[in-house]
Amino acid sequence: MKVLVINTGSSSLKYQLMDMDNEISLAKGLCERIGFYDSVHKYYGKDNYYNKTTKNIKNHLEAIDDMLSYLVNEDYGVIGDINEIDAIGHRVVHGGEKFSKSVVIDNYVLDGIRDCIDLAPLHNPANIIGIEACLQEMPDTPMVAVFDTAFHQTIPMYAYIYAIPFELYEKHAIRKYGFHGTSHKYIANRTSEILKKPLDQINIVSCHLGNGASICAIKQGKSVETSMGFTPLSGLAMGTRSGTIDPALISYIMEKEHMTAEETTNYLNKESGVLGISGVSSDFRDLLKASSEGNERAKLAINVFAYRVKKYIAEYIGVMNGIDALVFTAGIGENNALVRRLITKEMEYMGIKLDVAKNEQAVGIEMNISKKEANVQILVIPTNEELEIARECKIVLNI
Ligand code: ADP
């Protein structure tokens, strides 16, 4: 059975065709700068085939068309006909309180995704465009929506309600939602497999540390707390996002820097985080290099990042009354041994004991990096959101 996984941004399309009999990727690709004269289509096919073309891709419909022509191409395609695609899984960023699990897409679901546009004005419209383009090109192929927020719908009310007047929740649905749910869910399932224990018998702290970063407390397989909130701006200090700050700072910054509300939000989303602190880069590879060359602000940014992660881990261990596994994933979590070492330093009291040598070896691979005698297993697990989406399709469609 073959599942096509689609992730559309406002000017991008990411896709991956999965063979779900063996859970392997057959081909994947990325269209960027859709709507621009110089759009780029990168395609990775069978036998390490790679192709990059620059051309004008006017809209998402054309991008989908282009993708399909690559997938069925005689020379480097991976299927003979688009009818070989049994299902399409769409990543949808926000499902609000309407969607607590993945669902088959029909008109009612599409309306529901539209109803959540207010909550994710940059993302949901792009996701809808992707779905509509696929509906046009492949009207008979079943489609499933997989929401970034759905996994966190098990968070209890006392954890998702902000301490502001309750009417704001009732009137505007203002509450914590959380994101990266597909990744945290994949991590939960994989951890259960690695530890050889049923999911409902283990507690996990999952640290998704990429450009966007979030931590999730997973108690017996269910998300009970997460660091992102109403939007993906809160929680950890990220590549360019501030994470949680004193809320009174917003009006203070507006006044002192003569900024509008929109400019301030942009400032906190795009010019803050480790980029803002270091003045060097949002990319940890650049920060590590600058820090090793003596740049004090780059060093400070790395320390701020690690310190915040450490605090969340401790908090979530408290929330769950202990954990079985602490997991690191995404770009930084999977590759950056120094950051993992800083985060886990002096956490022995909580059962966290890092094997420093194993930690250094764990770069982009799945590995247990805790000391043998430790109570808590520290795992590095490369995340696989596409596989998780394809699995959801299989489950929801029962195929
Ligand atoms: P996103 O998907 O949110 O854009 P990623 O999960 O790709 O982000 O993570 C990007 C981050 O991971 C960057 O800060 C990058 O420096 C870091 N990263 C990726 N590969 C490595 C590596 N080999 N060593 C250190 N950091 C890395």
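Note that ligands are numbered from 1 as they come in the structure, with each ligand's atoms numbered from 1 the same way. Remember, predicted model here, so these are calculated numbers, not experimental data.
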D283: numbered ligand 1 atoms lying under 4.0 Å from its heavy atoms | 14 (O), 15 (C), 16 (O)

Aromatic contact, F179 with H152 (centres under 6.0 Å) = no

Minimum heavy-atom distance between [X] and [Y], given as atom pair plus value:
{"X": "A173", "Y": "L119", "result": "O-CD2, 4.4 Å"}
{"X": "A120", "Y": "H94", "result": "CB-CB, 3.6 Å"}
{"X": "K176", "Y": "T226", "result": "NZ-O, 2.5 Å"}

Which residue and atom name correspond to the protein heavy atom nearest [atom], and how close is it?
{"atom": "atom 26 (N) of ligand 1", "value": "R285 CG, 3.7 Å"}
{"atom": "atom 14 (O) of ligand 1", "value": "F284 N, 3.0 Å"}
{"atom": "atom 11 (C) of ligand 1", "value": "I332 CG1, 3.7 Å"}

Within-shell test, G212 vs ligand 1, heavy atom, strictly < 4.0 Å = yes

Would you say the side-chain atoms of E32 and S12 include a donor-acceptor pair closer than 3.5 Å?
-> no

Quick one: do the H208 and T329 side chains pair a donor with an acceptor below 3.5 Å?
-> no

Mind checking whether Y160 and Y169 have parallel, tilted or perpendicular rings, split at 30° and 60°?
-> tilted

Please determine if V363 has a nitrogen or oxygen closer than 3.5 Å to a nitrogen or oxygen of ligand 1.
-> no

Under 3.5 Å, N or O to N or O, is G331 touching ligand 1 that way?
-> yes

Less than 4.0 Å between atom 2 (O) of ligand 1 and some protein heavy atom, yes or no?
-> no

Have a look at N335, L209, N211 and point out the one with the heavy atom closest to atom 20 (N) of ligand 1.
-> N335

